[in-house]
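Everything on this sheet refers to the single structure shown next.
If you're wondering where the values come from, they're calculated on a predicted model, not measured in any experiment.
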Amino acid sequence: MSHAPRNRISNAIDSLITHLVPSNPHDDEQTAQERHDACFELVRAIFERPNSPSISADVNHASDLIKRKLIHSNPSQALRFSNLYTRLLSLPVLNQKWAILYLLYQLSDSPDPNEPPPPPRQPAAPHGLTSREPSFRDRELQAQILREQEENQVEAENYQGPVPAEPSFREPASREPNFRESVAQRAAGRATGRSTATAESKTSTLAPPLVSEEEDVNNVFAPGGLKKLPTERPRRNTNAEEARSQPGAVDGSTKKSTRDVSIKSNLLADNSLEFEPSEMGLLRDLPFTLQGLSSTTLPFTRDTVLKLPPTLPLPIVSLLHTLAEPSLLYRGLANFVKSPAKGLLGQSLRAAINNELRSYLTLVATLEAQIRRALSSLDEAAPRGGIGKAGVTLKRCVVWTREATMGLRLMSLISEESYSKQGGQLISLIHGFSTSHGDPVVAAFAERLLADVTRPFYDILRRWIYDGELSDPHLEFFVREQNPNNEKQNESKAKGQASVWNSKYEVVDAMVPSIMTPDFAQKVFLIGKSLNFIRHSCGDSQWVDAYSKTSSKELKYGDTATLEKWIDDAYKTTMQRLMTLMNTRFRLFDHLQALKNYILLGQGDFIALLMESLAANLDRPAGAQYRHTLTAQLEHAIRGSNAQYDSDEVLRRLDARMLQLSHGDIGWDCFTLEYKIDAPVDVVVTEWGNRQYLKVFNFLWRIKRVEFALASTWRKCMTGARGVLQSNDETVLQTWKSTRGTLAEMIHFVGQLQYYILFEVIESSWGELQKNIRKEDCTLDDLITAHTKYLTSITHKGLLGARRRQHHDAQKEAASLGRDASEVEDRNSYMVQLSLLLRNMLDYRDSVDGLYSWSVSDFTRRQEVDTVSLLRKHRPNSGDMESSVGPDDPFFGSAGGVGGNNNIKSEFPALQERLKQLGVSFRQRLQILLGDLAYQPDVDMRFLGVSMNFNDVYQPVRRKSGKAGAGGSGVSAGGGEKQQQQQQGGNVGSVNVSFSASRA
């Protein structure tokens, strides 16, 4: 600070002291200078204090402080203060209203200026300051209030209601009428026109103090300052009855609260009755009672029973009832703390409650010290032993223990509920009080408890999200190892859906605490499960240890935003590492692509070459198939196709084997390809997934086999049409024409079915799978879900459907709901229908081969006849020729022999009839299938029916029942003749060879 501002401040302080502090004409110059220096140092010390008081600049808060003080000391003045406070807020001139109220609050305990100051207990201050400073401060405040009253004189004169009391820094019983009251009384006197002797006496009584106060104010604010000390005015004497009639009357003590207590004790003493044990005796034993210990006057008969003396009056009994509550609660909580806990969270709860009980005992110790101090200062001669003046009563003890009682009550409730809860349930119980309770004291208390109770929970959480280890010996965490005897787990194992990933740990929803959301809990679960999977299944424990050392942090309750950020970071890091391992080290995506190429027949050249090389071998019985032969043909197909460019890691997993054999099976019925999957990829391609792939392969393999057989027969027929199939017989020609038409229909059907499954179903589902698993935030759970959806979509849209058992369950459920069970769709019926259609086409192919053989035989016979005729034509003696031909001649049967010609002729009508019936049966089954597809909710399945019947050559038939019999019974058709034809077609096609997909 520069010299110029310092000098200005010093000059201002000197001027202020000269203006306000009066001089004593009897003091010498040295004494006056010492008093001036003392005042100067006091003012400088005040200026150098911190600018802001220990209270916020809130006018409402300052008003609440004054109201509370008035309610405890003088309740009758609280209403008047509220009126004055409302009027103060309406004054726009005053900007520092909160400072005014805070000043009044600080001055409320100052001594009464009309009373002599108490004898000093401390060493005296500088001369002349000790005896005048308190009185001077009060007079300064009084002068300020009087000045404001003069400014608002007009408002006081117009005020007709009850006159509120001024902010009292002196005691109401001994205070003198202020300026506003005197003006109001004069205005009332002028209005009524009455000037009785009583009014004159009152006016004369009020006037002198008012004039004296006005003189003091004028002297204080005079240009020359205060010239002399204000004269002491004698107080008005009031008798005891006036003191009792005025609630604010006091007995002249220095502190307002002390004077109030004194008056209250006098009132109680005049109306009190003696009782045994006395209140002093009860107060003496109260600290022991609050600690749960028995005493002479207040013994505990049981842990939950406190016996009160029967001679006490009802008010004292009511107070003791209130004080007995914390005593009994403490006793019960002390027993709870000593009881054994079921887990770590139970132990931490007991430790937290024990800490709170220590704080409660600290309060009891403080209360005991106050009681002893009060009892030591009692006056036996005073009424009620002077306990009212001591400041400690039973009622005050009730007030002092009220907040502690609320905390004990909350802890008692929590302790009772904790016996039936553990782990996250216990945290949710306490957290419910902190978030759902309307009392802020209860909410803050619950938050304080949570900080201690949740420490074991966060220790388990830290180990889980940074080490991947579940350290939970008492099963208190919401993540838990699955029970191997769990019914749900056994069902998953039976279905083949169990794996290390989804069968080791599980989330217990009931144990998730309310301090975290379900999504947050699921994220925590995935983090720990992924770390555990990386450590034990992927064999990358070094990365987990390094990650734990670099990322591990101490977790604690309270900072939710920071905790969520740490969890998000751990989630991203762990998921990224796991997906990187699955993609690079274990080549998961390459295995999924290989399954599509080889098991789902996506590698067309490989499948065609494999089928061509295996065709001759698979036509033999299944028992004649050998594994080395199948393996050799598989190697040949790999080397002869683009499959040779795949990695060895993929090709070595591909294998050919035979399924379980049945009586009468041939190689086509038992052959299958297998792609071997090992850990940890088997968490995605589970045993259930392998069965689904095998099921789809067997179905597609059968379609490929039918396509291969029909294509071979079609090529043979087209080649023979230019040679051996030529005939002059119109019936034979017409039969071959219809046969080629039916073959074309079957080839079209197989081609459309194969196109639909390979492209509309598999390729579209594969594209959706790639879209889901290539996301940046894709997790292993997302990948498993996407792959399961991929296989389900293939089997559903690929007409493989569900099992028949599920269809029967759906029928029972529909029957229980009152619906027609026949309306329930059996998706497995598509598999049955397709199997019958494929078998029908193979039977038709066999019949066409039979017709082709007959045509070849007929062509050979005709060639022989032509040859014999030509030989006869060139021989001179036909008769000799005829006579020379005998039974031993090779041309005897074919050169006009009746027996041979008739045998050949007799085979053609049977073949013709069989081909006709098989063709009719194929069309009937196809019409039923098209009718079922037409009412499918899936668009792609309806499109399959449209593509098969694009020119409406077939008339789709809607079945009346869900049965898919061999003859297509139950179809709606008009006319008895058509029904008979359908039944005949069904009987002809009933060469029942087991061709269902259940073999897979």
- Message: E635: which residues meet the salt bridge (Lys or Arg N to Asp or Glu O under 4.0 Å) condition with it, sequence neighbours left out?
- Response: none

- Report the relative orientation of the aromatic rings in Y790 and H787; use parallel for angles under 30°, tilted for 30 to 60°, perpendicular for over 60°. tilted

- Item | Polar side chain donor-acceptor pair, T713 to R845, under 3.5 angstrom | no

- Message: Tell me if a side-chain donor or acceptor on Q752 pairs with a main-chain N or O of I747 at a distance below 3.5 Å.
- Response: no

- Item | D782/K789 salt bridge by N-O under 4.0 Å criterion | no

- Query: Does the ring centre of H796 sit less than 6.0 Å away from the ring centre of Y830?
  - Reply: no

- Is there a salt bridge (Lys or Arg N to Asp or Glu O under 4.0 Å) between R627 and D655 once you walk through the steps? CA-CA 10 Å; R627 184 177 181 83; D655 188 21; 2.3 Å; yes

- Non-neighbouring partners of Q593 that pass side-chain hydrogen bond (donor to acceptor under 3.5 Å, both in side chains), sequence neighbours left out: N597

- Without hydrogens or angle criteria, can the side chains of W736 and S855 be said to hold a donor-acceptor pair below 3.5 Å? yes

- Across all chains, not counting sequence neighbours, the side-chain hydrogen bond (donor to acceptor under 3.5 Å, both in side chains) partners of E674 are R657

- Item | Heavy-atom check, side chain of L578 versus side chain of L531, under 4.5 Å | no

- Query: How would you list, by chain and number, every residue that makes a salt bridge (Lys or Arg N to Asp or Glu O under 4.0 Å) with K716, sequence neighbours excluded?
  - Reply: D849

- Item | Side-chain (Q644) to main-chain (S641) donor-acceptor, under 3.5 angstrom | yes

- Take E763 and K596, measure what salt bridge (Lys or Arg N to Asp or Glu O under 4.0 Å) needs, and give me the verdict at the end. CA-CA 9 Å; E763 284 296 334; K596 175 180 177 293; 2.7 Å; yes

- Item | Pairwise distance CG(L700) to CD1(I762) - rounded to 0.5 angstrom | 5.0 Å

- Can you list the residues that meet the salt bridge (Lys or Arg N to Asp or Glu O under 4.0 Å) rule with E760, with sequence neighbours excluded? none

- Query: Roughly how far, to the nearest 0.5 Å, is OH of Y571 from CD1 of I527?
  - Reply: 8.0 Å

- Message: Under the rule for ring-ring contact (aromatic ring centres under 6.0 Å, His included), what residues qualify as partners of H536, not counting sequence neighbours?
- Response: none

- Looking at residues at least two apart in the chain, or sitting in another chain, which of them share a side-chain hydrogen bond (donor to acceptor under 3.5 Å, both in side chains) with Y756? none

- Mind running salt bridge (Lys or Arg N to Asp or Glu O under 4.0 Å) on K529 and D781 for me, showing each step along the way? CA-CA 11 Å; K529 187 168 70 168; D781 271 336; 3.8 Å; yes

- Any donor-acceptor N/O pair, D938 side chain to M941 backbone, under 3.5 Å: yes

- Task: Kindly indicate whether the side chain of I794, heavy atoms from C-beta on, has any atom under 4.5 Å from the side chain of L600.
- Result: yes

- Query: Between F533 and W501, what is the ring plane arrangement, given parallel below 30°, perpendicular above 60°, and tilted in between?
  - Reply: perpendicular

- Pairing of K916 and E913 as salt bridge, 4.0 angstrom limit: no

- Tell me whether the guanidinium CZ or amine NZ of R705 lies under 6.0 angstrom from the six-membered ring centre of F671 and within 45° of its axis. no

- Go through the steps for K704 and E707 under the test salt bridge (Lys or Arg N to Asp or Glu O under 4.0 Å), then give the verdict. CA-CA 5 Å; K704 278 288 186 181; E707 180 194 28; 3.7 Å; yes

- Query: salt bridge (Lys or Arg N to Asp or Glu O under 4.0 Å) with R862: which residues, sequence neighbours excluded?
  - Reply: D858

- Side-chain (R942) to main-chain (P937) donor-acceptor, under 3.5 angstrom: yes

- Query: With sequence neighbours left out, which residue pairs that include part of residues 577-589 fulfil the side-chain hydrogen bond (donor to acceptor under 3.5 Å, both in side chains) condition?
  - Reply: D540-R577, R587-D590, R587-S647

- Message: Any non-hydrogen side-chain atom of P621 less than 4.5 Å from a side-chain atom of D665?
- Response: no

- Message: If you define the side chain from C-beta out and look only at heavy atoms, does anything of I703 sit under 4.5 Å from L838?
- Response: yes

- Item | 4.5 Å side-chain heavy-atom contact, T574 and Y547 | yes

- Message: With no hydrogens and no angle check, just 3.5 Å: does a side-chain donor-acceptor pair link D932 and Q833?
- Response: yes

- Which heavy atom in T739 sits nearest to a heavy atom in T735, and how many Å separate them? OG1-O, 2.7 Å

- Message: If the condition is ring-ring contact (aromatic ring centres under 6.0 Å, His included), which residues does F606 pass it with, not counting sequence neighbours?
- Response: Y598

- Query: Do V761 and D940 come close enough that some side-chain heavy atom pair is under 4.5 Å?
  - Reply: no

- Task: Taking the side chain as every heavy atom from C-beta outward, state whether L614 and W668 have any pair of such atoms under 4.5 Å apart.
- Result: no

- Presence of salt bridge, K572 and D777, under 4.0 angstrom: no

- Message: I'd like to check Q770 versus F589 (side-chain heavy atoms, cut-off strictly below 4.5 Å). Are they in contact?
- Response: no

- Task: State, without any angle test, whether Q482 and K504 hold a side-chain donor-acceptor pair at a distance under 3.5 Å.
- Result: no

- Message: Please enumerate all residues that pass side-chain hydrogen bond (donor to acceptor under 3.5 Å, both in side chains) together with S765, with sequence neighbours excluded.
- Response: S793

- Any salt bridge (Lys or Arg N to Asp or Glu O under 4.0 Å) involving residues 735-753? Give me the pairs, sequence neighbours left out, ordered by first then second residue. E745-R923

- Message: Donor-acceptor pair, distance only, cut-off 3.5 Å: does the side chain of R639 make one with the backbone of L634?
- Response: no

